[in-house]
A.B. asks: 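Below is one structure. I have some questions about it.
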Amino acid sequence: MNSNLSSMTQPSLLIVLAVLVHASFQTAVSVLTLLSGHSFKTKQSQAKLLRLSIAYCIGAFVMTTACVITAQAAMRALVSVTSFSLVWGLLGILVALTGVAILSAYYRKQKGTVLWLPRSIAVYLLERAQKTKNSIESTALGGMTVIAELPFSAALFLVIGALTFNYEPTTALLYAIGYGLLVTSPLLIITSLIGGGHKISQIQRWREQNKLFLQYSSGLGMLVITIYLFVFYMLGASS
Amino acid sequence: MKTYVVEPREHTSVEFDPIMLHGSITEACLTVRSYEGEAHLTAQHVCKAVIAWLAGRTEVTRRDIRRVATNALTVYHPEAAYLYENERNII
């Protein structure tokens, strides 16, 4: 009974932790802020701004879900050719390295919320946000943002893929959709804040004031996931 | 006397254009949901302050103009000033 309970709660806890860490990533929020700011500048109506923001959230959600499904398939293929404990070990190392990278270099050491993204990608996202005029472009922008964030989020996708690929296809798909929804929830909150009349400057100021908290909590969260993977999965699978 | 805005990276300089400054200040005000009339009026005040500061200077950088404009804008619209100062520091 106890072992049944722990085998059910361990993956769930890990998924919740991964969702919390992933939801605190800021690339998608930055691009949504730019998109909204540009809509105000060009005097677009509130209804159009909401349409663009919701389309952007849908794009981010679809791409996140697609990334989880891809990770599930990759893990299924990987586990078929190697041992489970080795997969967990490699994943643990990848998550740890990503956590250290987030702790040391998620934000650039300058004013504002400038992220450690290759500048060419950041400039491209900035320009795309300024050129976005309809819902389809906005949806594509949301998807692109998830891709741009992959250096930081790939490890989490692989962990979720490894945790859920063994389930029934429908359950695995539901996990992927649930993960996508939860990770996109900060974007929905910001969309509703902007729709409710909050100023972008207030949101940006909050992000700037709390950027170190978000950086350290997500970096340390990654390290906790690493310990969890090593103790409960890698050692568990090898014993 | 004309004032030139130097681009240190490109080794070029262009004549200071108050209309361009007016446009970017107006955009910053509109971004924080100011009314259009208020945004233009604020931009006028800021442009006046920057032009007064430029008097007697022949060469300045874009960063100088941004700093002076931010200081002037802070008086009229602190939220817009914050966004104007940080618009390149969001991503």
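Because the structure is a prediction, the values reported are computed rather than measured. Note on naming: letters A, B, ... go to the chains in the order of the sequence lines (proteins, then strands), and numbering restarts at 1 for each one.
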A.B. asks: Can you pull out every side chain to side chain donor-acceptor pair (under 3.5 Å) where at least one residue sits in residues 173-197 of chain A? Sequence neighbours excluded, please.
C.D. replies: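 Checked against side chain to side chain donor-acceptor pair (under 3.5 Å) - neighbours excluded - the pairs reaching residues 173-197 of chain A are His22(A)-Tyr179(A).
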
A.B. asks: Contact part of His198(A) toward chain B, heavy-atom cut-off under 4.5 Å: side chain, backbone, both or neither?
C.D. replies: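 It is the backbone, since no side chain atom gets that close.
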
A.B. asks: Write out, in numerical order, the residues from residues 104-124 of chain A with a heavy atom short of 4.5 Å from a heavy atom in chain B.
C.D. replies: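 The list, in residue order, reads Gln110(A), Lys111(A), Gly112(A), Thr113(A), Val114(A), Leu115(A), Leu117(A), Arg119(A), Ala122(A).
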
A.B. asks: Does a sphere of radius 6.0 Å around CD1 in Ile136(A) hold more than 12 heavy atoms from other residues, nucleotides or ligands, not counting ones at 6.0 Å or beyond?
C.D. replies: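 Counting other residues, nucleotides and ligands, CD1 of Ile136(A) stays at 12 neighbours or fewer.
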
A.B. asks: Roughly how far, to the nearest 0.5 Å, is CG of Leu126(A) from CD of Glu87(B)?
C.D. replies: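 Interatomic distance, Glu87(B) CD to Leu126(A) CG, rounded to 0.5 Å: 9.0 Å.
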
A.B. asks: If the test is side-chain hydrogen bond (donor to acceptor under 3.5 Å, both in side chains), which one of Gln204(A), Glu208(A), Arg205(A) qualifies with Tyr82(B)?
C.D. replies: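 Result: among Gln204(A), Glu208(A), Arg205(A), Glu208(A) is the only option passing the side-chain hydrogen bond (donor to acceptor under 3.5 Å, both in side chains) with Tyr82(B).
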
A.B. asks: Name the member of Asn89(B), Leu30(B), Asn86(B) that forms the most heavy-atom pairs with chain A at distances under 4.5 Å.
C.D. replies: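 So the answer, after comparing Asn89(B), Leu30(B), Asn86(B), is Asn89(B).
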
A.B. asks: Which distance, rounded to the nearest 0.5 Å, do you find between the CD1 of Ile91(B) and the CG of Leu32(A)?
C.D. replies: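 Between Ile91(B) CD1 and Leu32(A) CG, I get 11.0 Å after rounding to 0.5 Å.
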
A.B. asks: Assess the residue pair Ile194(A) and Arg33(B) against the criterion (side chain to side chain contact (heavy atoms under 4.5 Å, CB included)); give the C-alpha distance rounded to whole Å, side-chain angles, the decisive distance to 0.1 Å, and a yes or no.
C.D. replies: CA-CA 11 Å; Ile194(A) 292 169; Arg33(B) 296 171 186 256; 3.7 Å; yes

A.B. asks: Kindly check if the number of other-residue, nucleotide or ligand heavy atoms within 6.0 Å of CZ (Arg88(B)) is above 12?
C.D. replies: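 No, because the 6.0 Å sphere around CZ of Arg88(B) holds 12 heavy atoms or fewer from other groups.
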
A.B. asks: Please indicate whether Arg67(B) has more than 12 foreign heavy atoms, meaning atoms of other residues, nucleotides or ligands, lying under 6.0 Å from its CZ.
C.D. replies: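 Correct, the count exceeds 12.
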
A.B. asks: For the NZ atom of Lys199(A) and the OG atom of Ser34(B), what is their distance to the nearest 0.5 Å?
C.D. replies: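 These two atoms lie 7.0 Å from each other.
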
A.B. asks: Would you list the pairs meeting salt bridge (charged side-chain N to carboxylate O under 4.0 Å, His left out) in which at least one residue belongs to residues 42-54 of chain A, sequence neighbours left out?
C.D. replies: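 Non-adjacent pairs meeting salt bridge (charged side-chain N to carboxylate O under 4.0 Å, His left out): Lys43(A)-Glu36(B).
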
A.B. asks: State, to 0.1 Å, how close Ser201(A) and Val32(B) come at their nearest heavy-atom pair, and which atoms those are.
C.D. replies: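 Taking Ser201(A) first and Val32(B) second, the nearest heavy atoms are OG-CG1, 3.5 Å.
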
A.B. asks: For residues 63-70 of chain A, which side-chain donor-acceptor pairs fall under 3.5 Å, sequence neighbours excluded?
C.D. replies:
{"residue": "Thr64(A)", "atom": "OG1", "partner": "Ala60(A)", "partner atom": "O", "Å": "2.6"}
{"residue": "Thr65(A)", "atom": "OG1", "partner": "Phe61(A)", "partner atom": "O", "Å": "2.8"}
{"residue": "Thr70(A)", "atom": "OG1", "partner": "Ala66(A)", "partner atom": "O", "Å": "2.7"}

A.B. asks: Would the distance check show the side chain of Thr31(B) and the main-chain N or O of Phe40(A) forming a donor-acceptor pair, the cut-off being under 3.5 Å?
C.D. replies: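 No, Thr31(B) side chain to Phe40(A) backbone: no donor-acceptor pair under 3.5 Å.
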
